[in-house]
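Worksheet: the structure to be examined is printed underneath.
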Amino acid sequence: MKIGVLALQGDFREHVQMLQRMGVDTVEVRLPRDLLEVDGLIIPGGESTTIGKLLVTFNMMDDLRTRALNGFPIYGTCAGAIVLSKDVRGLAADQPLIGVMDTTIQRNAFGRQVDSFEADLSIPVLGECPFRAVFIRAPVIERVGPEVEVLARLPDDTIVAAQQGNLLVTAFHPELTDDLRFHRYFVQLVERCQ
Ligand code: GLN
């Protein structure tokens, strides 16, 4: 099994390090041919406007959309979650999206960079221990469709992690912590989809 990390922009190196710590074979995905090698893909945090445009420039947008609709596992963190969503509020006028997950996401929902924060979340699919979630200019998931399972909420009920079959999203950044549980959860999803 090999897992790709989209390496066009954003904090892809941190995701690669998480996967390597777990002993998972990892490919930095920059070109369409890299996608042929991998069994699943992580789209990192960064700037969703830039990631969307670069996916078009490097000819991976349509391929990824088709793959996502056919069961290819994708995990989007923060900007990655935005790019996967069908509906985005606060979208830049020319911002392309993969647009496969039945969610409405509000970009930059907590304000500016200075409004970044951390919170201990209860995430039942990861077990008993709380998960330290790092939010950086994070979005929130405002609406989920009937096929989407909510995995985590903030204490005020705001949805910050969700799954729709092969698609997993978090508004926060597990790759900026030492906690491997979210990455392990994704690797298990990829194993099941193989
Ligand atoms: N604010 C960024 C965006 O809208 C996402 C920030 C992040 O990935 N940490 O694309």
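Start at 1 and go down the list; that is how both ligands and their atoms are numbered.
Side-chain N or O atoms of Asp11 include one that pairs as donor or acceptor with a backbone N or O of Gly45 at under 3.5 Å.
For the residue pair Gln95 / Arg107, a side-chain donor-acceptor distance below 3.5 Å is found, with atom types taken as modelled. Looking at Ser85 and Thr103, their side chains do bring a donor and an acceptor atom within 3.5 Å of each other.
The protein atom (non-hydrogen) at minimum distance from atom 1 (N) of ligand 1 is Asn108 OD1, 2.6 Å. Scanning all protein heavy atoms for the shortest distance to atom 4 (O) of ligand 1 gives Arg107 NE, 2.6 Å. Here the protein heavy atom with the shortest distance to atom 7 (C) of ligand 1 is Cys78 SG, 2.8 Å.
Between His15 and His183, the angle of the ring planes lies from 30° to 60°, which puts this pair in the tilted group.
Of all atoms in ligand 1, listed by their number and element, those nearer than 4.0 Å to a heavy atom of Ser48 are 3 (C), 4 (O), 10 (O). Residue Ile82 has at least one heavy-atom neighbour below 4.0 Å for each of these atoms of ligand 1: 3 (C), 4 (O), 10 (O). Taking every heavy atom of Gly45 and a limit of under 4.0 angstrom, the matching atoms of ligand 1 come to 8 (O).
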*Please step through salt bridge (Lys or Arg N to Asp or Glu O under 4.0 Å) for the pair Asp120 and Arg132, ending with a clear verdict.*
CA-CA 5 Å; Asp120 286 323; Arg132 186 78 176 161; 3.2 Å; yes
*Assess whether salt bridge (Lys or Arg N to Asp or Glu O under 4.0 Å) is satisfied between Glu191 and Arg184, documenting all intermediate values.*
CA-CA 10 Å; Glu191 279 166 356; Arg184 217 173 265 140; over 6 Å; no
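One option in Gly76, Gly46, Ala109 has a heavy atom closer to atom 6 (C) of ligand 1 than any other, and that option is Gly46.
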